[in-house]
Novice: 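Take a look at the following structure, please.
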Amino acid sequence: MNIFSEYQALVGRILGEMLARGDLPAGTPVSGFSVEPPRDPSHGDLATNAAMVLARPAGMKPRDLAERLVPELRRQPDVATVEVAGPGFINLRLRQGFWQERLRDVLRAGTAYGDSRVGAGRRVNVEYVSANPTGPMHVGHCRGAVFGDALAALLEKAGFEVCREYYINDAGAQVDVLARSAHLRYREALGEQIGAIPEGLYPGDYLQPVGAAMAKVHGDAWRGRTEAEWLADARHFATDAMMALIREDLALLGIRHDVFSSERDLHERGRVDHALEVLRSKGLVYEGVLEPPKGKLPDDWEPRPQLLFRATAFGDDVDRPLKKSDGSWTYFAADIAYHLDKLERGFTEMIDVWGADHGGYVKRMQAAVKALSDGRAALDIKLCQLVNLLDNGQPVRMSKRAGSFVTLRDVVEEVGAGVVRFIMLTRKNDAPLDFDFAKVREQSKDNPVFYVQYAHARVCSVLRNAREAFAGDAGMLAALEDGGLLSVEVSLLDHPAEIELARLVASWPRQVESAAEAHEPHRVAFYLYDLAASFHSLWNLGKDQAGLRFINPENRGLTLARLAMIRAVALVIASGLTIMGVEPAEEMR
RNA sequence: GCGCCCGUAGCUCAGCCGGAUAGAGCACGAGCCUUCUAAGCUUGGGGUCGCAGGUUCGAGUCCUGCCGGGCGCGCCA
């Protein structure tokens with residue numbers, strides 16, 4: 001239940017009734033306004049700009065229109081006060097009991113609190129990770145993987161039906177390089193001296209077991225043969241092995257995909273030719289010569305005729321090649337085929353999560369989707385900026401050339417999957433992110449993972465203490481279970497800090513919806529941090545004023561009400577952490 | 001040269017399809033431990049939201065132009 005969208009609907013209904021009664025000028029629209037929490041809490045619980053937005057079309061002054069709405073709003077059962085403020089805001093304050101009652105909603109729903117139906121079961125395809133199958137995953141891939149996975153979970157919570165997809169770039173020159181590199185290791189496994197790995201091949205020793213496996217399966221059947229004889233088989237063998245490696249890495253982070261799509265498979269099934277035919281039938285393909293890029297001319301530039309896609313007709317800067325000058329397909333052509341495949345599987349909402357270095361590619365892909373779907377499908381592309389790996393503020397050296405890059409496995413084994421996932425979501429996707437080993441190992445407020453986890457663990461701890469304090473009291477112990485807490489007297493929670501906490505808890509459904517609609521899972525992390533801070537603050541109030549402690553042995557009703565409140569906090573934290581893919585901690589060690 | 005992203009407190013960053021007096025953490029100053037875990041809390045100072053225009057009842061948010069930083073720029077994926 002998103003309180004704000006419910007009140008938006010309510011205000012709309014009221015405006016409609018007023019219009020029908022002639023209390024508003026005919027033609028006044030009854031939509032287009034918002035109901036939001038005011039930035040300054042002293043203004044109330046909800047604020048609407050309806051009077052200001054509708055004043056002009058109604059031909060009225062904003063404050064006059066507001067004054068007409070006020071009595072209607074005052075009539076609503078949960079509304080305590082209504083005020084017109086500033087240029088024409090209408091500020092509502094709800095009964096205290098309304099907020100207290102929301103805590104019961106949380107206990108009833110459990111971690112399903114915040115589940116929304118705004119997605120209305122619409123199918124969304126989220127493509128993420130898509131690391132090239134040429135080696136194990138390194139930290140650079142990690143951010144997109146976590147981002148995509150959390151976004152998918154967020155969309156599911158908001159009521160979308162999500163397909164999590166991985167695109168395997170298992171075609172093209174890099175895969176040949178992989179196959180040759182693995183073949184070299186194969187010869188090594190058969191006892192040959194291979195010496196230094198030649199320039200242009202992958203040097204990483206993760207290929208040794210692949211070579212050994214090749215030797216085991218194929219014996220010396222590939223020895224003394226020409227490359228043409230073994231290359232295709234070696235490609236399959238090596239990419240399969242790399243994908244197995246990548247799946248293991250993803251499993252370390254708790255990431256899974258529903259569908260793995262293969263670029264090679266698109267070629268083999270004729271899907272690329274099919275995509276070309278679709279574009280051709282729309283008259284969007286032609287043979288032409290591209291202008292050289294302005295400013296920086298490549299050394300070996302020569303004008304050559306190529307098969308081009310008319311991307312400029314859909315907002316791109318230049319038309320884009322579908323075939324290289326030697327007649328083979330470009331990567332873009334396969335990617336068009338891939339997105340057409342998604343469209344033909346019925347997806348009209350797609351999200352691609354890419355690295356920031358692919359930024360130059362966004363327009364052409366969106367142009368292609370527009371062209372293929374005649375503008376009926378939406379493709380959102382989320383670019384993830386780089387992760388700066390630091391240790392105590394000092395950059396961690398990585399040299400991919402020397403094969404000494406920091407792998408995802410290294411990082412997960414060092415700090416744990418939950419920490420990695422949380423930290424990766426503490427920035428907007430389009431802002432660079434620092435990942436400091438020293439900081440994430442630290443157990444302090446400086447470390448947001450710890451801070452949020454500590455709030456959850458603290459609730460668990462208080463509940464444990466309560467069970468101990470009332471150990472001899474069977475009725476009380478039963479009342480401490482979630483089912484028992486449902487029937488507590490929530491009206492006893494009348495301290496301003498308690499109401500404030502209840503408000504924050506009750507805003508979780510709205511947070512879910514707005515984060516999902518914006519495709520911004522990082523908002524979950526920031527909300528959880530706020531919620532944790534609010535809880536820690538209340539916990540500390542109990543230090544100065546013993547009467548505010550959660551457990552009051554001499555007042556069982558109050559104790560139960562407060563435990564219900566903090567249990568609700570823990571459930572919402574758990575709900576948010578689940579979206580982020582982080583296991584909530586029962587206690588801190 | 002062109003395109004995309006970014007520019008908010010000394011530092012790192014939030015700011016929810018424009019909304020009221022711009023927020024948090026760190027750092028700095030002052031306080032709180034016979035405690036439901038001080039692994040925490042309270043409190044003070046600190047801002048021309050890069051610059052200049054524009055749009056309107058209202059701009060950190062939208063538009064234009066500059067300045068500064070990052071990424072990318074046929075036949076790499």
Side-chain angles (χ1 to χ4, degrees), chain A residues 34 36-40 42-43 47 49 52-53 55-56 61-62 85-89 91 130 132 134 169 171-175 263 289-296 298 300-304 306 308 316-318 320-321 323-328 330-332 334-335 355-363 383 385-386 426-428 430-432 434 442-448 450-451 453-455 457-459 461-466 469 510-511 513-515 517-518 520 522-523 526-527 529-530 533 536-544 546 549-552 559 562-563 566 587-588:
Chain A
S34 63
E36 292 178 336
R39 218 176 257 179
D40 183 343
S42 73
H43 289 143
N49 60 358
M52 291 184 293
V53 172
R56 182 187 290 268
K61 288 183 187 160
F89 287 104
N91 294 328
S130 303
N132 291 339
T134 55
N169 297 134
Q174 58 177 356
V175 179
E263 181 185 1
V289 179
L290 286 175
E291 294 282 314
K294 299 234 174 4
K296 199 181 114 189
D300 56 347
W301 174 268
E302 332 171 13
R304 283 176 185 156
Q306 288 178 288
L308 298 173
D316 202 355
D317 307 310
V318 290
R320 303 292 180 176
K323 284 189 175 178
K324 304 173 193 173
S325 50
D326 68 3
S328 63
T330 58
Y331 175 79
F332 181 47
D335 222 351
D357 54 342
H358 288 55
Y361 209 78
V362 171
K363 279 189 183 180
L383 299 178
Q385 284 289 344
L386 292 177
T426 52
R427 289 285 175 272
K428 290 180 291 204
D430 49 13
D434 289 344
E442 199 175 298
Q443 302 220 321
S444 79
K445 206 180 170 196
D446 223 0
N447 176 357
F450 166 77
Y451 189 69
Q453 288 283 30
Y454 183 33
R458 211 171 212 182
V459 172
S461 166
V462 172
L463 289 169
R464 281 193 296 270
N465 288 336
R510 181 173 182 271
Q511 301 285 347
E513 289 179 5
S514 63
E517 279 164 6
E520 291 185 347
H522 76 276
R523 291 194 202 177
F526 283 92
Y527 168 79
Y529 188 88
D530 283 349
H536 285 308
S537 173
L538 188 54
W539 190 93
N540 275 272
L541 276 183
K543 243 179 8 178
D544 294 337
R549 290 196 188 171
F550 302 135
I551 299 174
N552 283 265
T559 298
R562 289 193 175 145
L563 294 180
I566 65 171
E587 56 186 331
M588 305 304 287

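In the text below, chain A, chain B and the rest are named by the order of the sequence lines, each starting its count at 1. Keep in mind it's a predicted model, so treat the numbers as computed, not measured.
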Novice: How do A/His43 and A/Ser328 order along RNA chain B: which one's closest nucleotide is nearer the 5' end?
Specialist: A/His43
Novice: Considering only the C1' atoms, how many Å lie between B/C16 and B/A22, rounded to the nearest integer?
Specialist: 15 Å
Novice: Expressed in angstrom and rounded to an integer, what is the separation of A/Tyr331 atom OH from B/C75 atom C1'?
Specialist: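 It is 16 Å, rounded to the nearest whole Å.
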Novice: Just so I know, are the side chains of A/Asn552 and A/Arg562 near enough to count as touching, which here means a heavy-atom distance under 4.5 Å?
Specialist: yes
Novice: Confirm from the modelled atom types if A/Asp357 and B/G72 form a donor-acceptor pair under 3.5 Å, side chain to base only.
Specialist: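 There is none.
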Novice: Would you mind reading off the distance between A/Glu291 atom CD and B/C75 atom C1', rounded to a whole angstrom?
Specialist: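 Answer to the nearest Å: 17 Å.
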Novice: Any side-chain N or O of A/Lys324 below 4.0 angstrom from OP1/OP2 of B/A77?
Specialist: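 Checking A/Lys324 against B/A77: at least one side-chain N or O falls below 4.0 Å of OP1 or OP2.
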Novice: Expressed in angstrom and rounded to an integer, what is the separation of A/Phe526 atom CZ from B/U12 atom P?
Specialist: 15 Å
Novice: Please name the nucleotide paired to B/G1 by Watson-Crick or G-U wobble geometry with both distances under 3.5 Å, or report none.
Specialist: B/C73
Novice: Whom does B/U42 pair with, Watson-Crick or G-U wobble, provided both distances fall under 3.5 Å?
Specialist: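 Answer to the pairing question: B/A30, which forms a Watson-Crick or G-U pair with B/U42.
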Novice: Between B/G72 and B/C26, how far apart are the two C1' atoms, rounded to whole Å?
Specialist: 34 Å
Novice: Indicate the atoms forming the closest heavy-atom contact of A/Phe550 with A/Val462, along with that distance.
Specialist: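 Looking at all heavy atoms of both residues, the closest pair is CB-CG1, 4.1 Å.
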Novice: Which nucleotide wins on minimum distance to the side chain of A/Arg304, given the candidates B/C75, B/C36, B/G40?
Specialist: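 Taking heavy atoms from C-beta onward, the closest nucleotide is B/C75.
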Novice: With the side chain of A/Pro37 defined as its heavy atoms from C-beta on, choose the nearest nucleotide among B/C16, B/G70, B/G74.
Specialist: B/C16
Novice: Looking for any heavy atom pair under 4.0 Å, which part of the strands does A/Ala546 touch: base, sugar-phosphate only, or nothing?
Specialist: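 It contacts nothing in the nucleic acid.
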Novice: Under 4.0 Å between any heavy atoms, over every strand shown, what does A/Arg427 touch: base, sugar-phosphate, or nothing? Just pick one.
Specialist: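 Contact class for A/Arg427: sugar-phosphate only.
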Novice: Across the strands shown, which category fits A/Ala85 at heavy-atom distances under 4.0 angstrom: base, sugar-phosphate, nothing?
Specialist: base
Novice: Work out how far the C1' atom of B/G19 is from that of B/A59, and round it to whole angstrom.
Specialist: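 Each nucleotide's C1' atom is 10 Å from the other's.
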Novice: Taking B/C11 as the reference, what is the distance to B/G46 when you measure between their C1' atoms (whole Å, please)?
Specialist: 13 Å
Novice: What contact category does A/Ser537 fall into here, base, sugar-phosphate, or nothing, at under 4.0 angstrom with non-hydrogen atoms?
Specialist: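 If one applies the 4.0 Å heavy-atom cut-off, A/Ser537 turns out to touch the sugar-phosphate alone, with no base involved.
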Novice: Looking at every strand, decide which applies to A/Arg549 at a 4.0 Å heavy-atom threshold: base, sugar-phosphate, or nothing.
Specialist: base
Novice: Over how many whole Å does the gap from A/Leu538 atom CG to B/U42 atom P extend?
Specialist: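 Checked: the CG to P distance equals 11 Å.
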Novice: Mind checking whether A/Gln306 and A/Lys323 have side chains closer than 4.5 Å, heavy atoms only?
Specialist: no
Novice: Give A/Tyr529 one of three labels, base, sugar-phosphate or nothing, depending on what nucleic acid heavy atoms sit under 4.0 Å from its own.
Specialist: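 The answer is sugar-phosphate, as A/Tyr529 gets under 4.0 Å only of primed atoms, P, OP1 or OP2.
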Novice: Counting only side-chain N and O atoms of A/Lys323, is one of them less than 4.0 Å from OP1 or OP2 of B/G74?
Specialist: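 Checking A/Lys323 against B/G74: no side-chain N or O falls below 4.0 Å of OP1 or OP2.
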Novice: Would you say A/Tyr454 stacks on B/G40, if stacking means ring centres under 5.5 Å apart and planes within less than 30 degrees?
Specialist: no
Novice: Have a look at A/Asn91 and say if it touches a base, only the backbone sugar-phosphate, or nothing, with a 4.0 Å heavy-atom cut-off.
Specialist: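 The residue A/Asn91 makes base contact.
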Novice: Students often get this wrong, so: under 4.0 angstrom with heavy atoms, is A/Glu36 touching a base, only sugar-phosphate, or nothing?
Specialist: sugar-phosphate
Novice: For the pair made of CD in A/Glu520 and P in B/C5, what is the distance, rounded to whole Å?
Specialist: 14 Å
Novice: Choose from B/G40, B/A20, B/G74 the nucleotide whose nearest atom is closest to any side-chain atom of A/Leu290.
Specialist: B/G74
Novice: Map A/Gln511 and A/Asp544 onto RNA chain B by nearest heavy atom, then report which one ends up closer to the 5' terminus.
Specialist: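 Counting from the 5' end, the first nearest nucleotide belongs to A/Gln511.
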Novice: Checking base pairs now: Watson-Crick or wobble, both atom distances under 3.5 Å. What partners B/A9?
Specialist: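 With both distances under 3.5 Å required, B/A9 matches none.
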Novice: Quantified in whole Å, what is the C1' atom distance between nucleotide B/C6 and nucleotide B/C13?
Specialist: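 Here B/C6 and B/C13 have their C1' atoms 13 Å from each other.
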Novice: Nearest to the A/Ala457 side chain among B/G72, B/U37, B/C36, which nucleotide is it?
Specialist: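 Closest of the options to the side chain of A/Ala457: B/U37.
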Novice: Tell me which nucleotide among B/G19, B/C75, B/C16 gets nearest to the side chain of A/Phe89.
Specialist: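 The closest nucleotide is B/G19.
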Novice: Does OP1 or OP2 of B/C36 have a side-chain N or O of A/Lys543 closer than 4.0 Å?
Specialist: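 A/Lys543 to B/C36 OP1/OP2: no side-chain N or O under 4.0 Å.
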Novice: Kindly give the heavy-atom pair with the smallest separation between A/Lys61 and A/Ala55, and that separation in Å.
Specialist: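 Scanning both residues completely, I find the closest heavy atoms to be C-CB, 4.1 Å.
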Novice: Could you give the CG-to-C1' distance, from A/Asp316 to B/C4, as a whole number of Å?
Specialist: 11 Å
Novice: Any stacking of A/His536 on B/G40, going by centres under 5.5 angstrom and planes within less than 30 degrees?
Specialist: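 No.
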Novice: Taking all non-hydrogen atoms of both residues, which atom of A/Asn540 and which atom of A/Arg458 are closest, and how far apart?
Specialist: ND2-NH1, 4.1 Å
Novice: Quiz question: going by heavy-atom distance under 3.5 Å, is there a donor-acceptor pair between the base of B/A14 and the side chain of A/Asp530?
Specialist: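 In this structure, the two groups form no donor-acceptor pair.
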Novice: Tell me the partner of B/A59, counting only Watson-Crick (N1-N3 plus N6-O4 or O6-N4) or G-U wobble (N1-O2 and O6-N3) with both under 3.5 Å; none if nothing fits.
Specialist: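 When the pairing criteria are applied, nothing turns out to pair with B/A59, so the answer is none.
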Novice: With rounding to whole Å, what would you report as the distance between B/G50 and B/G69 at their C1' atoms?
Specialist: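 Their C1' atoms lie roughly 11 Å apart.
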Novice: NA contact type, A/Glu263, heavy-atom cut-off 4.0 Å: base, sugar-phosphate, or nothing?
Specialist: sugar-phosphate
Novice: Considering only the P atoms, how many Å lie between B/C67 and B/G25, rounded to the nearest integer?
Specialist: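 Between the two P atoms, the distance is 37 Å.
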Novice: Could you please name the partner base of B/A14, counting Watson-Crick and G-U wobble pairs only when both distances are under 3.5 Å?
Specialist: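 Base partner found: none.
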Novice: Counting the atoms with a prime plus P, OP1 and OP2 as sugar-phosphate, which does A/Arg510 contact under 4.0 Å by heavy atoms, base, sugar-phosphate, or nothing?
Specialist: base
Novice: Under a 4.0 Å N-O cut-off, is there an ion pair linking A/Arg510 with A/Glu513?
Specialist: no
Novice: Which label fits A/His536 and A/Tyr451: parallel for a plane angle under 30°, tilted from 30 to 60°, or perpendicular past 60°?
Specialist: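 Tilted: the ring planes of A/His536 and A/Tyr451 meet at 30° to 60°.
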Novice: What nucleic acid atoms does A/Glu302 come within less than 4.0 Å of, heavy atoms only: base, sugar-phosphate, or nothing?
Specialist: base
Novice: Whole Å only: how far is the NZ atom of A/Lys363 from the C1' atom of B/C71?
Specialist: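 Computing the A/Lys363:NZ to B/C71:C1' distance gives 15 Å.
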Novice: For residues A/Gln174 and A/Asn132, is any side-chain donor paired with an opposing acceptor at under 3.5 Å?
Specialist: yes
Novice: In terms of the angle between their ring planes, are A/Phe450 and A/Tyr454 parallel, tilted or perpendicular, with boundaries placed at 30° and 60°?
Specialist: parallel
Novice: Quick check: closest heavy atoms across A/Asn91 and A/Ala85, and the distance to 0.1 Å?
Specialist: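 Closest pair (atom of A/Asn91, atom of A/Ala85, distance): ND2-CB, 3.5 Å.
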Novice: Is A/His522 touching bases, backbone alone, or none of the nucleic acid, heavy atoms closer than 4.0 Å?
Specialist: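 Result for A/His522 = sugar-phosphate.
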Novice: Among B/G15, B/C16, B/C6, which nucleotide has an atom closest to any side-chain atom of A/Asp430?
Specialist: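 Looking only at heavy atoms from C-beta outward on A/Asp430, the closest nucleotide is B/C6.
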Novice: Under 4.0 Å, heavy atoms only, any strand: does A/Pro87 hit a base, just the sugar-phosphate, or nothing?
Specialist: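 It contacts base atoms.
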Novice: Measuring from the side chain of A/Asn540 (C-beta onward, heavy atoms only), which nucleotide among B/C41, B/G74, B/A20 has the closest atom?
Specialist: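 It is B/C41.
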Novice: Quick one: is A/Tyr361 getting a side-chain N or O under 4.0 Å of the B/C5 phosphate, OP1 or OP2?
Specialist: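 Result: no.
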Novice: Quick one: label A/Arg39 by what it contacts on the DNA or RNA (base, sugar-phosphate, nothing), any heavy atom closer than 4.0 Å.
Specialist: base
Novice: How far does the C1' atom of B/U61 sit from the matching atom of B/G54, given to the nearest Å?
Specialist: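 Here B/U61 and B/G54 have their C1' atoms 15 Å from each other.
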Novice: Rounded to whole angstrom units, what separation is found between the CD atom of A/Glu587 and the C1' atom of B/U37?
Specialist: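 Atom CD in A/Glu587 sits about 11 Å away from atom C1' in B/U37.
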